[in-house]
Amino acid sequence: MSRFTELKAVDPAILDNVPQEAGSAKPDAILTATGITRRFGGLVAVDVNHLEVQRGLITALIGPNGAGKTTFFNLITGFDAPDEGSWTFEGKPMGALAPHKVARQGMVRTFQLTKALSKITVIENMKLGAPSQSGENFFKALLHPLWRDQEKDIEEKADALLERFKLNHMREEFAGTLSGGQRKLLEMARALMTDPKLIMLDEPMAGVNPALTQSLLEHVKSLRDEGRTVIFVEHDMDVVRDVSDWVVVMAEGGIIAEGPHSAIGENKAVVDAYLGTTHDTALVFNEETTAKIDSAKIDSAKIADTAVTTEIEDPQ
Amino acid sequence: MDWGQIFTFTAESAFGTQAMYFAIAAIGLNIHFGYTGLLNFGHAGFMTCGAYGLAIPLAGGEIWGFEWGQQAMWKGVLIGLIAAGIFGLLLGIPTLRLRADYLAIVTIASAEILRIVVRATSLRGLTGGSNGINGFTTSFQNARPSFLDDGFLGYSSRQSWVLMLGWIFVLFAVGFTYLLIHSPWGRVVKAVREDEDAARALGKNAYSVKMQSLVLGGLFGAIGGMFFVLAQGSVQPTPQDFGTPKTFFIWVAVILGGTARLWGPVIGSIMFSGLLAFTDTSLREAVRADYIPDSILDGVQVGQMRFILLGLGLMLLMVFRPQGIFGDKRELALDAR
């Protein structure tokens, strides 16, 4: 519970004086990444020079398909190892930490393809998220009294979260019976069981109907109000406009722009990355850049994206 | 047809030594596959560790200038368990970080390697080579309480002593598994089975938990192997006793009963042994009574036929009740999503 009380809400106005450029320094960064590179053979999937994420606010990570957003998530959370680079979380260096250790530091993630644990009930899914349950130790597990009281606290917390996410009517059902949107809710609620300082949501709104999107948005905002830091990947610009305090744009593995959502729409580099470079300027014959940017648009980039996810399935 | 005999023989087999040690080994395999999702195709390897670990110290022997007399029972049990634990660690260290199929490949090969190594001629002083080890159960049988001297329910005195201890151990193992699986540890194990990455993302050390499960299930396998050789009175490094067929029979028992069910492996083992005995005796009786003419099936072929019938039964089970006897159909429906 001590980690919980440390959190306090941050006023988004704190970012008003931050320069709107890629790699800009934040007043109070919770996550700082420098020089992170990940190559898959000849493909440079991620090449981030510098990124700082402001504590207590919602940062959106956007970019065309194949920009390296999910790979970047995987690198930061220990599910994949970068070829180069280092990053700190709360001032502590994080490189080469196993995923479960990253999570224990207070940095928890969700997945693009929702990972509800199908054959486990909703309430057990929730209880799994609780950190430092001593009954997870093999020898203590056999002695019920050693962890009974803790389990009771965890269950109360889980029930409270289920109520908040309106899943309490599904409490005893297998998680596999939930709808797609409910799974997203469950995954978010389960992540909250760990009391994270930083929560990383990979496409939390993908495949969710508009009505549920609204309630998911409210939940994301409520995380900020609790003082938690949120980074989320999203393709829906309405969503990004609605909740984000700061937007980071990735393309071809690198960060090309940063700023509040109002400024991002006018940023030329961003428009170029999404639409191609030749839309309003004279055709500049530069084989390398045009070829690269075209590939960001067409499906070949998507193929690279799937290649990335398959590689990650067996880390190390 | 002597139905009385068919019935007696079936009942005796259903609760006999084979069902008993199958149940113990199957409980271990159920921890591996049912609860943790580990594809262990080398359960016979764990049984080999237990069997030889017990028999070698108990029998006494000599190799490479070392000589040891007949040791106390507890030393044999301890050595068997340690051997199985080491076997589990050796299997797990390279494979548990990889995808599930790698463990399957490595276990099936390792169990065969182990069986071939123990029958090596150069190890004759230790393991008896291809002759195996005989006559190590004397001290065990000497400890038999006198009320079993006349046997029990038609089982011989020697058998009933093994059976009594064995079935008591089955109850203990079921209780032990119950406590573990209904604890937070069990929750993590099941989460790892469902999705390792999700468990990792929530701060659970999937590798460590899988290793614990592999070793624990292996220890049950080893104890199953010990009861097997205690009942049989000898250790023989044959494929039927410690090879892949044994592994797959135990798999059949687990699936028959229903995976990830507490009593599944026990009921599965009882049914496996019972069905095998039933088909065997009823076919034999039918052949003897000339209900089945010799031109179709003779007494010698019955031994093969019973496995064919068992396989047919298993196929029918998979078609009409794919979740096994105790399984939950709702769970299977989730897989299809």
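Proteins come first, then strands; the chains are lettered A, B, ... in the order of their sequence lines, and each starts at number 1. No hydrogens, no waters, no symmetry mates; every other heavy atom, side chains included, goes into these values.
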Looking at [options], which makes the most heavy-atom pairs under 4.5 Å with chain B?
options: A:Arg109, A:Gln150, A:Glu124; value: A:Glu124
options: A:Met193, A:Glu136, A:Lys127, A:Lys140; value: A:Glu136
options: A:Met107, A:Lys101, A:His144, A:Gln133; value: A:Gln133

Counting only heavy atoms closer than 4.5 Å, note whether [X] contacts chain B via side chain, backbone, both or neither.
X: A:Thr77; value: neither
X: A:Arg190; value: both
X: A:Ala116; value: neither
X: A:Phe138; value: both

- Are A:Lys115 and A:Phe111 in a cation-pi contact, defined as NZ or CZ under 6.0 Å from the six-membered ring centre and within 45° of the axis? yes

- Query: Any idea which heavy atoms bring B:Leu219 and B:Leu81 closest together, and the distance?
  - Reply: CD2-O, 3.3 Å

- Query: What's the shortest heavy-atom distance between B:Ile79 and B:Pro57, and which atoms?
  - Reply: CD1-CG, 3.6 Å

- Message: Which atoms of B:Tyr178 are under 4.5 Å from chain A, going by heavy atoms: the side chain, the backbone, both sets, or neither?
- Response: neither

- Contact winner vs chain A - B:Leu216, B:Val189, B:Leu202, B:Leu180, heavy-atom pairs under 4.5 Å: B:Leu202

- Can the ring centroids of B:Phe228 and B:Phe22 be said to lie less than 6.0 angstrom from one another? no

- Task: Sort out for me which residue in B:Ile27, B:Leu29, B:Ile24 forms a side chain to side chain contact (heavy atoms under 4.5 Å, CB included) with B:Ile250.
- Result: B:Leu29

- How are the rings of B:Phe272 and B:Phe249 set to each other: parallel, tilted or perpendicular (split at 30° and 60°)? tilted

- Task: Look at the rings of B:Phe176 and B:Phe220 and say which category their plane angle falls in: under 30° parallel, 30 to 60° tilted, over 60° perpendicular.
- Result: perpendicular

